[in-house]
Amino acid sequence: MKEYLRERIHAALTAAGVSVEPASIQLEAPNQPEHGDLATNVAMTLAKQEKKNPRQIATELVEHFQRDDEKIAAVEIAGPGFINFRFADGYVKDEAFRILKEAGNYGKTADSSGRVNVEWVSANPTGPLHAGHGRQVCIGATLCNLLEWTGWDVTREYYFNNAGNQMNNLAETVRERYLEALGDAPDEEKVHYVGDYVKEIGRGIVEEHGEAKRDAALDFFRGEGEKWCFAHITRTLDKLGVKHDVFFNEDALYKEGKIDAVLQQFKEKDLSYEQEGATWLRTTAFGTDKDRVIVKSTGEPTYRLPDIAYHIEKVQRGYDKIIDIFGADHMAAYPDVIAGVKALGHETGHIDVIIHQMVSFVNEGESVKMSKRSGNVYYLNDLIDDVGVDAVRYFFIMRGVNTHLEFDIKLAQEQSEKNPVYYLQYAHARIASILRFAADEGFSLTDEGSFSNLDHQSEIELMKKLLDFPGVLEMSARNYEIHHIGNYLNEVATAFHKFYHDCRVVTEDKELSRSRLQLCRAVQQVLRNGFAVLGISAPEKM
RNA sequence: GCGCCCAUAGCUCAGCCGGAUAGAGCAUCUGCCUUCUAAGCAGAGGGUCCCAGGUUCGAGUCCUGGUGGGCGUGCCA
């Protein structure tokens, strides 16, 4: 509809002797319903160029506007020079009915956007995911779904940091806990990770190998620790319905010599230098405040070097777009990495970085304290057990990514109207119930029919709301702003509940009942499609 | 100190390229179930959009400078 109006407005302006770029014609839904369904401010933006009063331009535009009564019921000039368009009810009804035919595809864009790689979670395999990780898990999973819906071929990737010093620390901790499980006193100096899960790993090794591994090399314990953590992390992700296509192992970069290759290139281009036994990258040449170490004096690379090699790897795989998601606490890492990749002559313009702010947890009005040092950690598994998968998936994406998120555990547990995810699911279940009732009454529904006999204002408003779905997905995907989806679905649920309240669905009037049942099905379809993007379930009963 | 993010109703937050009278949920108050799910609907009250300048027909939105908070600023990731 927007495109149609844009084209007609452009034609009208051209006929009136005004030249304008079609793309610069803005159309948006007004706040007040009495201002119509779409409005343009084009007369006001052209006022200066044309040296005319905005209302005069608007008047000329409307005079030359060729209105198709099938689609547009009214064109009005209002306020300082807005032009308001009101859709014809027949158009709204026909479009809304098509939702039933498009069904599970309603809202999808044709596959043409290209290939995109989304890397997220990428938590170190040194322990279970904690509750705070949940935000990134859900943001990334939802974004991937959304990108798929809007025509992207998505590769879901997890960068598995199974190299580096943190793995040595894990290995030492595992060895201490293993020895402890055999009855030795642990050397607290070597216990880097205090969580109980490492004791579990230690006990597991005892069960499998007994005392046989007393003198095993650190590599053995590293392997055991990594294996356990990987299994644990993927199990948690699996619970949330999150599946990665690729787990990219950091150690592969070492094995394949890619770390050395990158280091060599930096040297050749004089982008690195030796100082105090370490190798530094001249990031100041890229505009940062100071140079950064990429190889420590111990000979081990810092995270930056493998990250650069990894990103080069991803760039070379030839995606149309590469998206990295990470939390604000890792904010400092990426500019150097991108700059490093670029400095070696690789394209970086198609790399988008999404930074999300941190999460705090509140329960019964009390903030939930977490301390890694004391091992007092609230794990993502615990959160899932406490509030359920759907609440986790929904709560973590209901706010914009660059504001802090306060996760109210009590609210998420609440099975009432206070809980926004229940409100949404209730609408779906309510429709399912109506459809069951209708089936008992002898209604059988196909995808044929029309909404031509639905004229109640609640019905028309509901249909209009359903028609917004593709646009909401498109806008959300374009801006990587997934929280709009949840808000939108809430509006759909509200419009449906209002309709339900105003219009009895199953009545003596069979034809009216049929149409209203079809409208219910269309609402249910939009909710289902939206839930599919968000990764939450669509209950038939509640 | 410097970098990024944030500041909108009592609370948690929306507000897509700058648009018309700034919105939602919760909380508070008032109505609505013999009829398809009241986990619902309707209504009321509640605002210095942090402050000060600037840009223009028009600023919650853009710019500058402050104030307050979060996260960084490691030879951790």
Side-chain angles (χ1 to χ4, degrees), chain A residues 23-24 26 28-32 34-35 39 41 44-45 47-48 53-54 78-82 84 122-124 126 161 164-166 169 276-280 288-290 292-298 300-304 306-307 326-333 335 355-358 360 362 365 398-408 411 414-420 422-423 425-427 429-438 440-441 471-472 474-476 478-479 481 483-484 486-487 490-491 493-494 496-502 504-507 513 516-517 520 541-542:
Chain A
S24 70
Q26 297 174 32
E28 58 180 28
N31 294 326
Q32 270 70 31
E34 57 269 28
H35 292 146
N41 61 354
M44 292 184 294
T45 57
K48 187 168 276 183
N53 178 315
F82 288 101
N84 298 330
S122 300
N124 285 341
T126 54
N161 275 272
N165 200 42
Q166 78 274 5
N169 290 338
E276 296 167 5
T279 305
W280 297 67
T288 64
D289 57 342
K290 51 181 141 175
R292 308 289 180 179
V293 170
I294 49 173
V295 181
K296 298 187 247 180
S297 50
T298 58
E300 295 172 311
T302 65
Y303 66 91
R304 274 175 245 272
D307 273 14
F326 35 73
D329 53 338
H330 284 224
M331 162 69 219
I355 310 267
H356 62 86
Q357 299 301 313
M358 313 310 293
S360 52
V362 180
M398 71 180 176
R399 305 301 180 208
V401 296
N402 46 15
T403 61
H404 289 116
L405 174 68
E406 185 164 294
F407 195 116
D408 188 331
L411 179 63
E414 189 107 23
Q415 303 206 358
S416 76
E417 78 285 355
K418 294 174 191 167
N419 186 335
Y422 276 87
Y423 180 79
Q425 294 181 314
Y426 178 65
R430 200 178 213 186
I431 293 168
S433 173
I434 295 167
L435 295 174
R436 280 193 299 272
F437 177 84
D440 289 345
E441 296 290 307
V472 169
E474 186 279 324
M475 187 266 282
S476 302
R478 178 163 35 90
N479 300 326
E481 289 177 348
H483 64 285
H484 293 303
N487 294 343
N490 238 285
E491 291 171 10
T494 299
F496 168 72
H497 287 311
K498 183 171 170 54
F499 154 75
Y500 175 87
H501 183 262
D502 293 347
R504 166 120 193 141
V505 178
V506 180
T507 63
S513 299
R516 286 185 169 163
L517 284 165
C520 287
K541 279 186 183 175
M542 285 174 76

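Numbers restart at 1 for each chain; the letters A, B, ... are given by sequence-line order, proteins then strands.
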Could you measure between the two [atom1] atoms, the one in [N] and the one in [M], and give it in whole Å?
N     : M     : atom1 : value
B:U67 : B:C29 : C1'   : 37 Å
B:C6  : B:C50 : C1'   : 12 Å
B:C17 : B:G60 : P     : 15 Å
B:A24 : B:C33 : C1'   : 26 Å
B:C75 : B:G70 : C1'   : 27 Å
B:C62 : B:G46 : P     : 29 Å
B:G15 : B:A20 : P     : 16 Å
B:A59 : B:U64 : C1'   : 15 Å

Pairwise N/O distances under 3.5 Å, protein to nucleotides 68-72 of chain B:
unit_1: B:G70; atom_1: O2'; unit_2: A:H404; atom_2: NE2; d: 2.8
unit_1: B:C71; atom_1: O2'; unit_2: A:A328; atom_2: O; d: 3.0
unit_1: B:C71; atom_1: O2'; unit_2: A:D329; atom_2: N; d: 3.3

Within the 4.0 Å heavy-atom criterion, would you say [X] contacts the bases, only the backbone, or no part of the nucleic acid?
X      : result
A:E276 : base
A:R292 : sugar-phosphate
A:G400 : sugar-phosphate
A:A429 : base

Do [X] and [Y] make a side-chain contact, defined as non-hydrogen atoms from C-beta onward lying under 4.5 Å apart?
X      : Y      : answer
A:S360 : A:H404 : no
A:E414 : A:Y422 : no
A:N165 : A:K296 : yes
A:V505 : A:L517 : yes

For the backbone of [Y] and the side chain of [X], can you confirm whether one donor and one acceptor N or O come within less than 3.5 Å of each other?
X      : Y      : result
A:S433 : A:A429 : no
A:R304 : A:P306 : no
A:N84  : A:A39  : no

(message) Check the phosphate of B:C76 against A:T126, side-chain N and O only, distance under 4.0 Å to OP1 or OP2. Yes or no?
(response)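 Answer is no, no contact under 4.0 Å.
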(message) With the 90 degree cut-off around zero defining syn, does B:C6 come out syn or anti?
(response)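 Judged by the O4'-C1' to base torsion, B:C6 sits in anti, the angle falling more than 90° away from 0.
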(request) Taking syn as within 90° of 0 and anti otherwise, name the glycosidic form of B:C33. (result)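 Syn conformation here, the glycosidic angle of B:C33 being no more than 90° from 0.
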Gap between atom [atom2] of [Y] and atom [atom1] of [X] - 0.5 Å precision:
X      : Y      : atom1 : atom2 : result
A:T279 : A:I294 : OG1   : CD1   : 6.0 Å
A:R516 : A:I434 : CZ    : CD1   : 11.0 Å
A:H356 : A:L405 : NE2   : CG    : 10.5 Å

(message) Check whether A:Y500 forms a cation-pi arrangement with A:R430 (NZ or CZ under 6.0 Å from the six-membered ring centre, at most 45° off the ring normal).
(response)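 A:R430 over A:Y500 ring: yes.
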What is the distance, rounded to the nearest whole Å, between atom [atom1] of [X] and atom [atom2] of [N]?
X      : N     : atom1 : atom2 : result
A:N402 : B:C4  : CG    : P     : 14 Å
A:I355 : B:G3  : CD1   : P     : 17 Å
A:N169 : B:C75 : CG    : P     : 16 Å
A:K498 : B:G40 : NZ    : P     : 16 Å
A:D408 : B:C13 : CG    : P     : 10 Å
A:M542 : B:A38 : CE    : C1'   : 13 Å

(request) List for me each residue that meets side chain to side chain donor-acceptor pair (under 3.5 Å) alongside A:T126, sequence neighbours excluded, and say none if there are none. (result) none
(request) Applying side chain to side chain donor-acceptor pair (under 3.5 Å), name anything that partners A:Q166, two or more places apart in sequence or on another chain. (result)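 With sequence neighbours excluded, A:Q166 shows a side chain to side chain donor-acceptor pair (under 3.5 Å) to no residue whatsoever.
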(message) Does the protein touch nucleotides 16-26 of chain B at the base, only the backbone, or not at all? Give it as B, S and - per nucleotide, heavy atoms under 4.0 Å.
(response) BB-BBB-S--S
(request) Establish whether the base of B:C75 is bridged to the side chain of A:S297 by a donor-acceptor pair shorter than 3.5 Å. (result)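 Checked by distance alone, the answer is yes.
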(request) Could you pick out which residue, A:I431 or A:E300, lies toward the 5' side of RNA chain B when each is mapped onto its nearest nucleotide? (result) A:I431
(request) Could you check A:L405 against A:A278 and say which one's nearest nucleotide on RNA chain B is further toward the 5' end? (result)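 Between the two, 5'-proximity favours A:L405.
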Measure across [X] and [Y] and return the closest heavy-atom pair with its distance rounded to 0.1 Å.
X      : Y      : answer
A:E276 : A:S297 : O-CB, 4.0 Å
A:G400 : A:H483 : CA-ND1, 3.5 Å
A:A278 : A:V293 : CB-CG1, 4.1 Å

Report each atom pair, protein N/O against N/O of nucleotides 34-36 of chain B, whose distance is under 3.5 angstrom.
unit_1: B:U35; atom_1: O2'; unit_2: A:R504; atom_2: NH1; d: 3.0
unit_1: B:U35; atom_1: O2'; unit_2: A:R504; atom_2: NH2; d: 3.3
unit_1: B:C36; atom_1: O4'; unit_2: A:R504; atom_2: NH2; d: 3.2
unit_1: B:C36; atom_1: O2; unit_2: A:V506; atom_2: N; d: 3.1
unit_1: B:C36; atom_1: N3; unit_2: A:V505; atom_2: N; d: 2.9
unit_1: B:C36; atom_1: N4; unit_2: A:Y500; atom_2: O; d: 3.2
unit_1: B:C36; atom_1: N4; unit_2: A:C503; atom_2: O; d: 3.4

(message) Dot-bracket for RNA chain B, please. Rules: Watson-Crick or G-U, both distances under 3.5 Å, ( ) within the strand, [ ] when a pair crosses earlier ones, | for another strand, . otherwise.
(response) (((((((..((((.....[...)))).(((((.......))))).....(((((..]....))))))))))))....
